[in-house]
Amino acid sequence: MTVTPPPSRAATAVVRASTALGRLRRGRLLHPAGRSFVGETVIWGTPGPPTGVALLDDPGRYRTTVRLSKGTPTPGSWPDVLGLALRLHRDGGRPFDLLVSSSGAAPVLRNLPLPRRRFTGTYSTIMCYRAGRRRLWLAALADPESADLGRSLATVTAATRTDTPRLVLAVASAVGPWRLVGQVSFGAQLSAEKDAALAFDPARNLPAELRLAGPLAWLRDQTYRGSRRARGASAQSGGSTAATV
């Protein structure tokens with residue numbers, strides 16, 4: 001079951017604390033060091049039983065904004081919890097903001113954020129989604145035929161200058177294997193100004209059939225809200241208007 005949000009007084013307290021911390025950092029509270037890129041997501045459709053989420057089950061192509069980031073952030077190529085944020089721009093509708101963190105691919109490890117050096121690897125949603133009565137985890141997995149993203153934000157940028165790096169999108173149940181549903185590719189880097197303006201809302205920018213669930217979903221929602229408020233950003237700020245890769 002989806003956790004019932006605590007009283008509004010608690011929500012106000014978390015938002016205020018997150019806003020204060022964001023203003024103290026003078027930028028993003030979460031994953032402040034990152035690079036954003038123009039991208040494209042191709043959904044192949046869900047193999048096997050459908051998830052009940054049309055965006056995953058039906059083939060499609062979406063203009064995408066991609067952001068890779070370091071969580072702490074640690075210097076250079078030191079290990080860190082790495083982040084991947086995708087904004088799938090949907091014509092005439094709310095975008096889909098998918099935020100995933102470096103993790104393991106196995107069922108137990110997909111629930112844990114794990115520090116690592118390399119940007120090529122497994123990223124999962126950590127927390128599950130609900131689609132009707134189903135619990136789903138989403139992930140971006142390494143594409144063995146793609147250019148390597150390296151160990152730093154600088155090498156990520158360099159890879160996009162000479163190639164079109166890709167990651168494979170996947171969905172799984174709590175204990176089931178990953179099922180490949182699509183691919184995201186990214187190319188030209190966005191300016192530092194566009195990266196700074198970009199703001200994600202993983203709790204509200206979702207397909208109609210999907211919702212965040214679990215004990216940390218409410219806290220994540222309020223923390224992101226406070227971080228956006230500190231920067232004067234909205235839930236749909238930023239995003240590339242350039243052509244897809």
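Note that the numbering runs from 1 along the sequence shown for the chain. Model, not experiment: these values are computed from the prediction.
You'll find the side chain of Arg135 reaches within 4.5 Å of the side chain of Arg130, heavy atoms only. Taking the side chain as every heavy atom from C-beta outward, Val81 and Thr72 never approach each other to under 4.5 Å. Considering only heavy atoms from C-beta on, Asp148 comes within 4.5 Å of Arg118 through its side chain. For the pair Val168/Trp178, no side-chain contact is recorded, criterion being any heavy-atom separation below 4.5 Å from C-beta on. Val66 has its side chain within reach of Leu86: a pair of non-hydrogen atoms, C-beta onward, lies under 4.5 Å apart. With a 4.5 Å cut-off on side-chain heavy atoms, Pro79 and Arg116 do not count as touching. Within the 4.5 Å cutoff, the side chain of Phe119 has heavy atoms near those of the Lys70 side chain.
When the side chains of ILVMFWY residues are joined at heavy-atom separations under 4.5 Å, either directly or via intervening members, Val42 and Leu180 end up in a single hydrophobic cluster. Under a hydrophobic clustering in which Ile, Leu, Val, Met, Phe, Trp and Tyr are joined whenever their side-chain heavy atoms come within less than 4.5 Å, directly or via other members, Val184 and Trp137 fall into different clusters. One hydrophobic cluster, built from ILVMFWY side chains closer than 4.5 Å, holds both Leu136 and Tyr123. Under a hydrophobic clustering in which Ile, Leu, Val, Met, Phe, Trp and Tyr are joined whenever their side-chain heavy atoms come within less than 4.5 Å, directly or via other members, Phe37 and Phe96 fall into the same cluster. Following chains of ILVMFWY side-chain contacts shorter than 4.5 Å, one cannot reach Leu141 starting from Leu82, and the two form parts of different hydrophobic clusters.
Using modelled atom types, no side-chain atom of Thr122 and backbone atom of Gly104 make a donor-acceptor pair closer than 3.5 Å. The main-chain N or O of Arg166 is found under 3.5 Å from a side-chain atom of Ser146 such that the two form a donor-acceptor pair. Under the 3.5 Å distance criterion, the side-chain polar atoms of Glu209 are matched with a main-chain donor or acceptor of Ala54. Under the 3.5 Å distance criterion, the side-chain polar atoms of Ser102 are left unmatched by any main-chain donor or acceptor of Pro115. No donor-acceptor pair under 3.5 Å is formed between the side chain of Ser69 and the backbone N or O of Gly34. Between the side chain of Asp97 and the backbone N or O of Arg87 there is no donor-acceptor pair closer than 3.5 Å. Looking only at distances, no side-chain donor or acceptor of Thr41 sits under 3.5 Å from a matching main-chain atom of Thr64. Between the side chain of Asp163 and the backbone N or O of Pro165 there is no donor-acceptor pair closer than 3.5 Å. A donor-acceptor pair under 3.5 Å links the side-chain atoms of Arg134 to the main chain of Thr51, judged by distance alone.
Atoms OG and CG, on Ser152 and Asp80 in that order, are 12.5 Å from each other to the nearest 0.5 Å. In this structure, OG1 on Thr120 lies 9.5 Å from CG on Asp143, to the nearest 0.5 angstrom. The distance from the CG atom of Asn111 to the CD1 atom of Ile126 is 7.0 Å, given to the nearest 0.5 Å. Atom-to-atom distance recorded for Arg179:CZ and Leu169:CG is 14.0 Å, nearest 0.5 angstrom. Distance check: Arg211 CZ to Leu206 CG gives 10.5 Å after rounding to the nearest 0.5 Å. Here the CG-CD distance, from Leu68 to Gln189, works out to 10.5 Å after rounding to the nearest 0.5 Å.
Across all their heavy atoms, Leu114 and Ser103 have their closest contact at CD1-C, 3.9 Å. Nearest heavy-atom pair across Gly121 and Leu167 is O-CD2, 4.5 Å. The shortest heavy-atom contact between Leu212 and Pro202 is CD1-O, 3.5 Å. Closest approach of Pro32 to Gly71, counting heavy atoms only: CD-O, 3.7 Å. Smallest separation of non-hydrogen atoms from Met127 and Ala213: CB-O, 4.1 Å.
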Evaluate the criterion side-chain hydrogen bond (donor to acceptor under 3.5 Å, both in side chains) for residue pair Ser185 and Thr164; output intermediate values, then yes/no.
CA-CA 6 Å; Ser185 55; Thr164 304; over 6 Å; no

side-chain contact (heavy atoms from CB on, under 4.5 Å) between Leu149 and Thr155: does it pass, once the steps are laid out?
CA-CA 6 Å; Leu149 294 170; Thr155 60; 5.9 Å; no

For side-chain contact (heavy atoms from CB on, under 4.5 Å), just list the numbers for Leu98 and Tyr129, CA-CA rounded to whole Å, side-chain angles, deciding distance to a tenth of an Å, and then say yes or no.
CA-CA 11 Å; Leu98 175 62; Tyr129 290 94; 3.6 Å; yes

Going through the distances and angles, do Leu210 and Leu55 end up as a side-chain contact (heavy atoms from CB on, under 4.5 Å)?
CA-CA 10 Å; Leu210 207 59; Leu55 186 144; over 6 Å; no

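Using a cut-off of 4.0 Å between Lys/Arg side-chain N and Asp/Glu carboxylate O, Arg35 and Asp195 are scored as not salt-bridged.
Partner of Val181 under the side-chain contact (heavy atoms from CB on, under 4.5 Å) criterion, chosen from Thr46, Val53, Asp57: Thr46.
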